[in-house]
Amino acid sequence: MTLTDNTQALERIPTTKLDPADPELMEELLAVVERVARQGAFTMGTELEAFEQEFAEYCGSPYAIGVSSGTEAIVLALKGLGIGAGDEVILPSNSFIATAEAVSLAGARPVLVDVDPSTHLITADAVEEAIGPRTRAVIPVHLMGSTVDMEALLKVTKPAGLKVIEDTAQAHGAFVGGQRVGTIGDVGCFSFYPTKNLGGWGDGGGVVTADKGLADRIRLIRSHGEQPRYHHKVVGTTARLDALQAALLRVKLRRLDGWNDDRRRLGAALRAGLEGTSVQLPSAATLDGDHVYHLFIVRTPDREALREHLDAHGIASAVHYPFPIHRTEAYADLGMEAGSLPVAERLAEEILTLPLFPTMSDEDVQRIVDAVRTFGGEN
Ligand SMILES: *Cc1c(COP(=O)(O)O)cnc(C)c1O
């Protein structure tokens, strides 16, 4: 296919679309904004409590706590578990930097491990190798919306007495063996950043756990250790989910399974269409592994050329993420040289995120598939 006037006239396909892409939903959300604004109750209160109850039910978890971001969700989980100075926490280097930042912010040391070259995810074997005398916890990241092999991981963490904190920021609603992610380890940490599978109109996050003591401690810390008013039991912080975000998320939560189904269908269509092309696709970690396609990632040694080719065909792309955590400037003091985690480093050079969002059309899928097919001249 060559660049024709026809191609030029087509609307550019972005990597993702936010709520204005769905006018009906927008009307409902704008009404919610007005309702909350007129109530004038912006922190804590009934909207937050209702969201927490609905989100707990959705996840199939006894407790959910709304917090200010996904990063803060992990910080609070660690603090609530009593993990901090002198402790080590194992996590994959192929993740958003927030996973490591949360460990650092809690005062502990992130121990970054390599990922599997076919799934791009952390493995039980890599965790087992990294366990040392100071290891207290592991943070499996269900990256892209693809689920980690939790059964294998728990077989390693349980005998070692390690806590498991699931980073579910990219996998809201995904299942592992009949259970939603976030409920398989000791605690699950969600982000409601606008582009996530469940996102608000600003920053937000959530924690789910079956451990009542942990839930109570997180609730205390997120709001100045206060219970009741002006009785400060522990040194806490300001890390609440805003009432406005909670109210918006309540509306969107009712649609999450439908959107995830759309993402799964579109992901499968892209996958089928890209079969036999020059790009490689990540595989599932387990036979029954779920994928809610927060990101649709392909791999090619010619990434920059593919990006330009797609761009010329009106298709946006992105890189999640161009640096593995151990090679960021922020984590230079870990002293992890180039070559120390070869799979994550190679992936960072070769991965490309193609467009995928629930309102994407079948024509969009076909345009993306056609554009990738004509890259590098294969069939
Ligand atoms: C988005 C994200 C976070 C952090 O969430 P924020 O709400 O942006 O703080 C953590 N981990 C992963 C894997 C993420 O994608």
Side-chain angles (χ1 to χ4, degrees), residues 15-16 18 51 55 64-79 89-106 110 112-113 115 119-122 137-148 150 164-174 181-182 185 187-208 218 222 237-242 244-246 248-249 252 260 263 282 285 291-297 318-326 328 330-331 344 347-348 351 353 356-357:
T15 53
T16 194
L18 296 175
F51 171 70
F55 193 64
I65 305 113
V67 299
S68 54
S69 74
T71 308
E72 200 61 55
I74 305 174
V75 172
L76 293 171
L78 288 160
K79 288 189 174 167
V89 178
I90 299 169
L91 61 126
S93 196
N94 182 32
S95 182
F96 182 52
I97 192 170
T99 319
E101 284 176 313
V103 174
S104 304
L105 288 167
L112 297 160
V113 299
V115 291
T119 65
H120 305 192
L121 304 174
I122 195 169
V138 179
I139 310 183
V141 182
H142 302 288
L143 201 70
M144 310 169 275
S146 180
T147 54
V148 169
M150 293 299 291
V164 174
I165 300 164
E166 291 177 76
D167 181 337
T168 44
Q170 300 195 1
H172 315 65
V181 293
V187 50
C189 299
F190 295 85
S191 165
F192 304 127
Y193 182 75
T195 60
K196 307 281 168 149
N197 287 29
L198 178 64
W201 286 3
D203 285 307
V207 178
V208 298
I218 292 172
R222 75 156 171 196
T237 187
T238 301
R240 302 171 291 253
L241 179 68
D242 289 337
L244 186 56
Q245 301 302 343
L248 293 165
L249 290 166
K252 296 184 72 176
N260 277 345
R263 287 178 182 272
H291 201 328
V292 289
Y293 288 99
H294 172 60
L295 300 172
F296 190 91
I297 285 179
V319 178
H320 297 94
Y321 300 90
F323 303 100
I325 298 172
H326 72 287
T328 59
Y331 280 108
L347 285 176
I351 50 177
T353 306
L356 199 157
F357 45 90

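For the numbers below, each heavy atom of this structure counts, side chains included, while hydrogens, waters and symmetry mates do not. Read the numbers this way: they start at 1 and go in the same order the structure lists the ligands and their atoms.
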Checklist entry - Does Gln245 use its side chain to pair, donor to acceptor, with the backbone of Trp201 at less than 3.5 Å? => result yes
Checklist entry - So is Ser95 close enough to ligand 1, meaning a heavy atom under 4.0 angstrom away? => result yes
Item to check | Flag side-chain contact, heavy atom, 4.5 Å: Ile165 against Cys189 | outcome: yes
Item to check | Side-chain donor or acceptor of Asn260 paired with backbone N/O of His172 under 3.5 Å | outcome: yes
Checklist entry - Got more than 12 heavy atoms from elsewhere within 6.0 Å of OH, Tyr331? => result yes
Checklist entry - Is the side chain of Ser191 donor-acceptor paired with the backbone N or O of Ser69 at a distance under 3.5 Å, no angle test? => result no
Checklist entry - Given Gly204, Gly200, Gly70, Ala73, which one has a non-hydrogen atom that is nearest to atom 6 (P) of ligand 1? => result Gly70
Item to check | Minimum-distance protein heavy atom relative to atom 14 (C) of ligand 1 | outcome: Lys196 NZ, 2.9 Å
Next on the checklist: Quick one: does any side-chain atom of Asn197 pair with a main-chain N or O of Val292 as donor and acceptor, under 3.5 Å?
Outcome noted: yes
Next on the checklist: If you take the nearest heavy atom of each of Pro92, Ser191, Ala169, which one is closest to atom 8 (O) of ligand 1?
Outcome noted: Ser191
Checklist entry - Taking Glu166 for the side chain and Gly182 for the main chain, is one N or O donor matched with an acceptor at less than 3.5 Å? => result yes
Checklist entry - Any idea which protein heavy atom is nearest atom 9 (O) of ligand 1, and the distance to it? => result Thr71 OG1, 2.5 Å
Checklist entry - With atoms numbered from 1 as shown, which atoms in ligand 1 lie under 4.0 angstrom from a non-hydrogen atom of Val141? => result 13 (C)
Item to check | For Thr99, the ligand 1 atoms whose distance to one of its heavy atoms is below 4.0 Å | outcome: 11 (N)
Checklist entry - Applying a strict 4.0 Å limit to heavy atoms, is Asp203 in contact with ligand 1? => result no
Next on the checklist: Please report whether the ring centroid of Phe51 lies less than 6.0 Å from that of Phe192.
Outcome noted: yes
Checklist entry - Which is closest to atom 10 (C) of ligand 1 in terms of heavy atoms, Cys189, Ala98, Ser69? => result Ala98
Checklist entry - Hey, does Glu72 sit under 4.0 Å from ligand 1 if you only count heavy atoms? => result no
Checklist outcome for this item: The closest protein heavy-atom partner of atom 11 (N) of ligand 1 is Asp167 OD2, 2.8 Å
